[in-house]
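First up is the structure itself, then whatever we jot down about it.
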2 protein chains.
Amino acid sequence: MTDGLDGPAEDRELLFDRIRNALADEIATGKLEAGAALDEQQLADRFGASRTPVREALRQLAANGLVEVRARRGVVVARMTPERIMDMFETAAEIEAMCVRLATYRMTPLERSHLIELHDASEAIVKKGDFDSYDTFNRAFHEAIYHATHNGFLAEQAIAIRNRLMAFRRAQLRQEERLDRSRAEHEAIMQAIAEGDGEMASRRMRAHMLNAATALRRFIEANKFG
Amino acid sequence: MTDGLDGPAEDRELLFDRIRNALADEIATGKLEAGAALDEQQLADRFGASRTPVREALRQLAANGLVEVRARRGVVVARMTPERIMDMFETAAEIEAMCVRLATYRMTPLERSHLIELHDASEAIVKKGDFDSYDTFNRAFHEAIYHATHNGFLAEQAIAIRNRLMAFRRAQLRQEERLDRSRAEHEAIMQAIAEGDGEMASRRMRAHMLNAATALRRFIEANKFG
DNA sequence: CCATTGTGGCTTGTATGCAAAAATATCCTC
DNA sequence: GAGGATATTTTTGCATACAAGCCACAATGG
């Protein structure tokens, strides 16, 4: 009606859920950029709803740190300083390292073969230089590792922080040779996993994530961004 | 100026903020037990407000995982399975381990002396067997470590997960000799920090947290709790 | 010319009203 | 008396209404 965000119209998805998901997605993908003001009435009109569900969605986003509410002064997309972004990347790197260590020790043969399959398929994507596909693959790869920890809570946390970093990761991955390096780093991680050496997998994963962060920092500094 | 009733800074606390904080506190302290239904109208009456701010508070709590909303079927305090609790403890243990490793390498002399001061003061508390004081101390001790990582985001995450585990930790610490052991484990961690060995501090912290978790598991199993 | 302050519009925060879905009670059939 | 369909009540989800605070801007005074 008002907006083209129809989707599959999940059975009975609540309105405020739809709004929250849509906004979270737009923030994560950078469609709504940091610092942008989120006018309640405006959003309500856009989603063809009233302010009530919009407000509820915004509160949830605030609890997740995606937006910032200033009492009686409106809601804005969380504006992150470069320092905070680096803090988040460092935390993410540590969490990913933790995940791959646990996953190495706990994954089932099925999970292992699924991961190998994913990794193998990424070679073609890199050859084509298809950034969007690599983005999708990369997400699946890391989420497969989270899952293999057999720790549902940890997996949720890892996904949450990954989502919050997605906007930045997106910009960063568009650099040609980073894509190649990314896969090479995955390769090294896979090898450690194959050898059952969780500690090494962990160290390599941390390095992998910090490399990505460093690439991002250069990007930020070059673009006077944030 | 005219009235000394409440805090000057928080004069304008929003209603839904007050409600959210109050509920979060009651859930964390176990005053509201897991699975309890949270009736909107009832809460509204209790806080002398309407359902609107109550609903916003509940959405925020949901985003933080403290309550569970079942579409059109009301909100309940998050009921956690023993598996999930153990998952959370494991995650917390890893995060704490990560924190103390970073803190060891990054803490300033001032932060280090503050931590030593805290730890020293805890001896008297243990001797008295004062559980409540130890609870307070313990929180301060761990938060000092979070802070010393000089990673604000990580510190926030650590505090958040700690808060979510508080309800369970509370029950668990009431065991006599666990208090003694807790301090001894702190002592070992402090030693590793003093030697600047972040890896060892990290391992000891992980063990410390997992010991607490194990003590809790025994408690859970003994009490058919959750 | 700049600072101050008051006013009007606009946005947020809260209350209330209404419709629809669950939950519960009621009644009918067997 | 049991089981199930149906009516009633309760509660959630959303919309609308209203009050109060913020902000921009202009008018005023220094």
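A, B, ... follow the sequence lines: proteins, then strands. Residue 1 opens every chain. Computed from a predicted model, the values in this text were never measured in an experiment.
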Verdict with supporting geometry, A/Arg59 and B/Gln60, side chain to side chain donor-acceptor pair (under 3.5 Å):
CA-CA 6 Å; A/Arg59 301 305 146 186; B/Gln60 279 189 296; 5.9 Å; no
Aromatic ring centroids of B/His142 and B/Phe137 under 6.0 Å?
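No.
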Centre-to-centre under 6.0 Å for A/Tyr134 and A/Phe131, is that the case here?
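Aromatic pair excluded; centres sit 6.0 Å or further apart.
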Close residues, residues 52-62 of chain B, relative to DNA chain D [heavy-atom separation under 4.0 Å]
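By residue number: B/Arg55, B/Arg59.
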Whole angstroms only, please: what is the [atom1]-[atom2] distance between [X] and [N]?
{"X": "B/Gln41", "N": "D/dT12", "atom1": "CD", "atom2": "P", "answer": "9 Å"}
{"X": "B/Leu14", "N": "C/dA15", "atom1": "CG", "atom2": "C1'", "answer": "15 Å"}
{"X": "B/Leu38", "N": "D/dT11", "atom1": "CG", "atom2": "P", "answer": "13 Å"}
{"X": "B/Leu15", "N": "C/dT14", "atom1": "CG", "atom2": "C1'", "answer": "8 Å"}
{"X": "B/Asp39", "N": "D/dT10", "atom1": "CG", "atom2": "C1'", "answer": "9 Å"}
{"X": "A/Arg20", "N": "D/dG13", "atom1": "CZ", "atom2": "P", "answer": "13 Å"}

Given C/dT14, D/dG13, C/dG13, the nucleotide with the shortest approach to the side chain of A/Glu40
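Nearest listed nucleotide: C/dG13.
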Quick one: which of D/dC22, C/dT16, D/dC18 gets closest to the side chain of B/Ser50?
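Given the options D/dC22, C/dT16, D/dC18, the side chain of B/Ser50 is closest to C/dT16.
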If the cut-off is 4.0 Å, is A/Arg73 near the phosphate of D/dC23, judged by side-chain N/O to OP1 or OP2?
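For A/Arg73, the contact criterion (side-chain N or O under 4.0 Å from OP1 or OP2 of D/dC23) is met.
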Are the side chains of A/Arg164 and B/Phe153 in contact, using a 4.5 Å heavy-atom criterion?
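In short, these two side chains touch, coming nearer than 4.5 Å.
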Could you pull out the closest heavy-atom pair between A/Val54 and A/Glu40, with the gap in Å?
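Smallest heavy-atom distance, with atoms named: CG1-O, 4.0 Å.
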Once ring pair (Phe, Tyr, Trp, His ring centres under 6.0 Å) is applied, do any residues pair with A/His150, and if so which ones, sequence neighbours excluded?
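Not a single residue meets the ring pair (Phe, Tyr, Trp, His ring centres under 6.0 Å) criterion with A/His150.
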